[in-house]
Structure formats: structure tokens, C-alpha cells
Amino acid sequence: MKRNLTKKQADELRKKIGRKPSLVWDVMNKQETANAFKFAEKYKAFLDRAKTEREAASFISDAAVKKGFKNIEDRTRASKFYKICRGKSAALAVIGRKPVKSGIHIIGAHIDSPRLDFKQNPLYEETDLAFFKTHYYGGIRKHQWFARPLAIHGRVIKKNGEEMDFIIGESEGDPVLTIADLLPHLAGKAQENKRLSLAFEGEKLNMLAGSLPIGDEKVKERFKLNLLSHLYEIYGMTEEDFITAEIEAVPAGNARDIGLDRSMVGAYGQDDRICAFAAMEALFDLIKKPNVTALALFFDKEEIGSEGNTGAKSRFMEEVVSDLLAKTSSDTSERTLRKALMNSAAISADVTAALDPDFQEVHEKRNAARLGYGISITKFTGARGKSGANDANAEYLGRIRQIFNENKVVWQTGELGKVDQGGGGTIAKFLAAYDMEIVDCGPPILSMHSPLEISSKADLHMTFKGYRAFFSAK
Ligand code: MN
Ligand code: MN
């Protein structure tokens, strides 16, 4: 039989049994809003200092040392530890009341971002100009990297083994490099009638580095030689040193507020340093000793599939948990380590795509995360039929939902685009391989993987709050 309801009754019923996502700005009071804006200032300062995985790892360990964390390799008794892996991935832990073998709370983020790496033989000259050849790292849309100021962040191992770091292009007054693009007048045949992926080729991502010659016309390759001589004078670098170097080109400049209302942050590398920062701050903010040991992991190499000895597929996490066992008990057997990992609960802290107002057609609106609606619980990533996804179970989603609700964390759910549209992956499935519970939770990002990614200060705040609630949970 059809039931009749007054509008008032219908509203009440909907309030009771329906779900309406909340806009964070509507939920926060004046004080919390002020806190969110203040937190974003700290976040921007982190982004400016941590533009590469190496810089992020050392920022995190420096901050931990200031907070009284001890190096887990040292023979000290402490309750807060840090561990660095090859200068590129990091871990922070706070020992809880329960034994480590009964399981820990893990938040895993990544600190690498898409960028342009120098090739090992980068320097050449062409038409009396000097260039560096690059090889892109991670998923970039190549056209976004042309005609913009680029900075370089490098680690060079010299012939004698000496390590040298340099940053060029970030300080006021520093020179920058750039990749020249065609003028519209001549782009017709070369670019405009081609598919975007073919119009901008990887081999054309060559960075303009100089135009001064050394010596007179009789000198061979004198533009290249001039640059080499410049690098030798300032850094003591030789051409062979490029081969034993990692030099990363990233968009130059600092993070900025976006919007006249300053409600958003625009910066390179927010995927996934927004989650890394929120996880780090959440751990630092644990006032009481947590019930369960809290571990924040900061991985490298996520953007190329979590490969390598600093990525989530390496055994770094096992090593850290094994160290935690050793610090807290005499039972450090392989079996106990396996149990500890199996009994653990984790958040794969990574960003998701925000509904793009101008390209809504790539999203399924009812299941897309939106800027300003809080931290997104992403049950699965993957492509098409959830291929390559972790796909968290309902029971665990229930646990996370309770933790967020009890702690007034504004959350939403998100799916990366329409079912058949494309997809992506995170570190979730690599941690899930240890049989632990894990789900993706992170803020939505507009213009993700671009040189100017956009986040909402409201979502950043809720991400921090959500991670803190997870670490504090029973
Ligand atoms: Mn990511
Ligand atoms: Mn990414």
C-alpha cells in the first residue's frame, strides 16, 4: 500500500535513514575553521621544503628528532622511534600499551611525485643552445610541463664517492630551467592535428640550460663545454658525475593559496605529500600513549608501481615492525612478526581524484569524491572490473566508519572515475599481502598529477583529524 507523508514527515524520515554528504565548511565552527587555515600554513611550509622524496624523508626525520623521537637503530630505550631507508623512505612509530605482536595501527603514505628525471647522459647542445635530456617519472601529462619554470633538485655521487646535494631554481633570484614549446602559429601540423599523447613526445622534454659559448668558434661543442665548466667551477662536477646522480626537475616555486577566499592550496606534489604531512602531524599530535602502537610509513616509488628497494614492495615495513618487536619484547621470531602484521589494521593514505566541474563526464557523480566534503574512504581503486585493486571488506569499512563518526571526522566516499574510464592503484594491495586490514583514505585533489595540484584546506584538516582518530583508536 502507498504511504502518505507530509513534507515535514518526509524530511524527518530522510534525516533518520538517508545519507547526505556534509560540506566540511558547514560543519566546522569558527574555531575549527581557524585551526584548519592555520594547519594549512604549516602544510605549505612542508611542501616548499619537501619537493622530492629525499627532501620529504629528511624533513620527516628532522621533525621527529625535534619531537623527541629516537633512531630505532640506536640502543636507546624510548617510546617514539624513526627509521630512514636509503634516505628515500621513512617510518615513525609511537609504542602503544598493547604488545606489538597483537597488531599495530599503520598509516602508509608515499612521498614521491611525478617529475622529470635527468637522463644519465643528459647534457648536449643543439643549434647553439645547451640542454638537459630528461626521462619522466610517474604518470605525467607531458604538455603540462612545457613553457613553465622548472627547478632542479639533485644528489650527485662524485668520482671519489663524495655525496653532494644541490637545489637550483627555488630561491628568489635563482635561475630556472624550462622546456620550450611551439608558438601557435607553427603548431598546426606538428601538434594540433595529432592526438595529445603523440603531439607531446617524451623525447622532446629537453630542458633549456644555457646559451653562452666558451672560447671562439674553433672550440668544439662550446655551449655544452661552457655549462660543464660552470658546473665544475661551482660544484666540482664532471660529466661522468651525471651517471652517478639523481637529478629531479620539478615545477619551481612555493605552494600558494588558491581562490580569493584562500580556501584551497595549490602546489606541486600534493599527491601524496598531503597524506604524508597529515599522517606525520597526526602521530606528533598523539597526546596520550596510544592503546595500539602507531606506525606512519612514508614510501618512495609509488608513482612507478611501488617497485625498488625504497618502495612499498620492499621489505622495509617488515624491518620496521621487526625492530618494534625487538624494542618491546624478547620474541622477535619470524612467526611473531607475521602475526603482528596479520593482526594489524592499516590506512593506505593516498589522494583520490576530485570531481572536476569542467570534465564531469569522466566521473560517476554519485560516487565521485568532491572538494570540501572531507576525507574520502575509497573502498577500491584499480581499473575496469576493479583489476589490481585491494577492495577492502565491509567489516573493515564498518570499523573505519565508526572511528570517523565517533570523532566527528567529515568523510565521503570516492571512486576514481567511471567504471570503464581508467583507473589507478595505491600501496594498499602491497600491505594487504601481509593479511592485514587496509583501506584507502585520503583527500580529493583537483588537477591531480599536474604541476599545480589543488586541495581544499577543509579536506586537509579532516584528513589530519581522521588519521589522528585512527591512531588513537582502540
Ligand atoms: Mn598517490
Ligand atoms: Mn599519484
Side-chain angles (χ1 to χ4, degrees), residues 1-36 261 263-264 278 345 347-349 351-382 385-386 389-421 437-446 455-470 472-474:
M1 211 166 72
K2 184 181 175 295
R3 281 165 70 194
N4 285 323
L5 287 182
T6 62
K7 186 177 174 299
K8 196 174 162 229
Q9 283 172 322
D11 287 346
E12 274 166 14
L13 185 64
R14 190 176 298 111
K15 214 177 152 190
K16 193 173 151 199
I17 61 173
R19 166 161 165 90
K20 190 174 164 273
S22 308
L23 185 69
V24 177
W25 301 116
D26 287 337
V27 176
M28 292 194 294
N29 63 23
K30 220 172 145 186
Q31 185 57 52
E32 199 174 3
T33 307
N35 290 346
D261 57 8
S263 59
M264 295 164 280
I347 282 179
S348 161
V351 300
T352 189
L355 177 72
D356 188 317
D358 282 322
F359 294 94
Q360 296 192 29
E361 64 274 18
V362 306
H363 304 275
E364 190 269 285
K365 240 168 130 174
R366 289 172 189 82
N367 284 285
R370 293 171 68 167
L371 221 58
Y373 281 80
I375 183 169
S376 169
I377 301 177
T378 303
K379 184 179 187 294
F380 52 86
T381 56
K386 305 193 182 180
N390 160 59
D391 205 7
N393 59 56
E395 292 82 349
Y396 190 54
L397 291 173
R399 224 167 115 187
I400 296 293
R401 170 188 174 190
Q402 268 185 356
I403 292 171
F404 285 179
N405 283 347
E406 278 166 12
N407 291 280
K408 299 196 163 48
V409 176
V410 179
W411 58 273
Q412 56 181 327
T413 61
E415 199 176 310
L416 193 84
K418 279 181 177 165
V419 177
D420 293 328
Q421 192 78 39
E437 295 285 11
I438 186 161
V439 64
D440 279 288
C441 293
I445 298 282
L446 256 185
S455 65
S456 157
K457 292 182 180 177
D459 298 335
L460 166 67
H461 175 68
M462 284 302 157
T463 302
F464 162 70
K465 221 172 143 180
Y467 293 169
R468 189 179 55 185
F470 177 75
S472 320
K474 287 190 188 109

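All heavy atoms count here, side chains included; hydrogens, waters and symmetry mates do not.
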Legend entry - Salt bridge Lys7-Asp11, side-chain N to carboxylate O under 4.0 Å: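 Here Lys7 pairs with Asp11 in a salt bridge, since their nearest N and O are under 4.0 Å apart.
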
Legend entry - Under-4.0 Å salt bridge between Glu406 and Lys474: no

Measure the spacing between [atom1] of [X] and [atom2] of [Y] and express it to the nearest 0.5 Å.
X: Asn407; Y: Lys465; atom1: CG; atom2: NZ; answer: 8.0 Å
X: Ser263; Y: Trp25; atom1: OG; atom2: CH2; answer: 5.5 Å
X: Ile403; Y: Arg401; atom1: CD1; atom2: CZ; answer: 13.0 Å
X: Ile445; Y: Leu371; atom1: CD1; atom2: CG; answer: 8.0 Å
X: Leu460; Y: Ile375; atom1: CG; atom2: CD1; answer: 10.5 Å
X: Asn367; Y: Leu355; atom1: CG; atom2: CG; answer: 11.5 Å

Inset, instruction - Report yes or no: do Gln9 and Asn4 form a side-chain donor-acceptor pair below 3.5 Å? - result: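 Result is no, nothing qualifies.
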
Can you name the closest pair of heavy atoms from [X] and [Y] and give their distance?
X: Gln421; Y: Glu361; value: OE1-O, 4.0 Å
X: Ser22; Y: Val27; value: CB-CG2, 3.7 Å
X: Pro444; Y: Gln412; value: CG-NE2, 3.5 Å
X: Ala345; Y: Phe470; value: O-CZ, 3.4 Å
X: Ala389; Y: Phe380; value: CB-CB, 4.0 Å
X: Asp459; Y: Gly372; value: OD2-N, 2.8 Å

Using side-chain heavy atoms (C-beta onward) and a distance below 4.5 Å, is [X] in contact with [Y]?
X: Lys379; Y: Leu397; result: yes
X: Val362; Y: Asp356; result: no
X: Leu416; Y: Thr378; result: no
X: Lys457; Y: Thr33; result: no
X: Tyr373; Y: Val24; result: no
X: Asn390; Y: Thr381; result: no
X: Glu415; Y: Arg366; result: no

Legend entry - side-chain contact (heavy atoms from CB on, under 4.5 Å) between Cys441 and Ile400, intermediate numbers included: CA-CA 9 Å; Cys441 293; Ile400 296 293; 4.2 Å; yes

Inset, instruction - Inspect the surroundings of NZ in Lys418 and state if more than 12 heavy atoms from other residues, nucleotides or ligands are less than 6.0 Å away. - result: yes

Inset, instruction - Take atom CZ of Arg19 as the centre, draw a 6.0 Å sphere, and report whether it contains more than 12 heavy atoms from other residues, nucleotides or ligands. - result: yes

Inset, instruction - Output yes when a side-chain donor or acceptor of Ser376 lies under 3.5 Å from a complementary backbone atom of Ala369, and no otherwise. - result: no

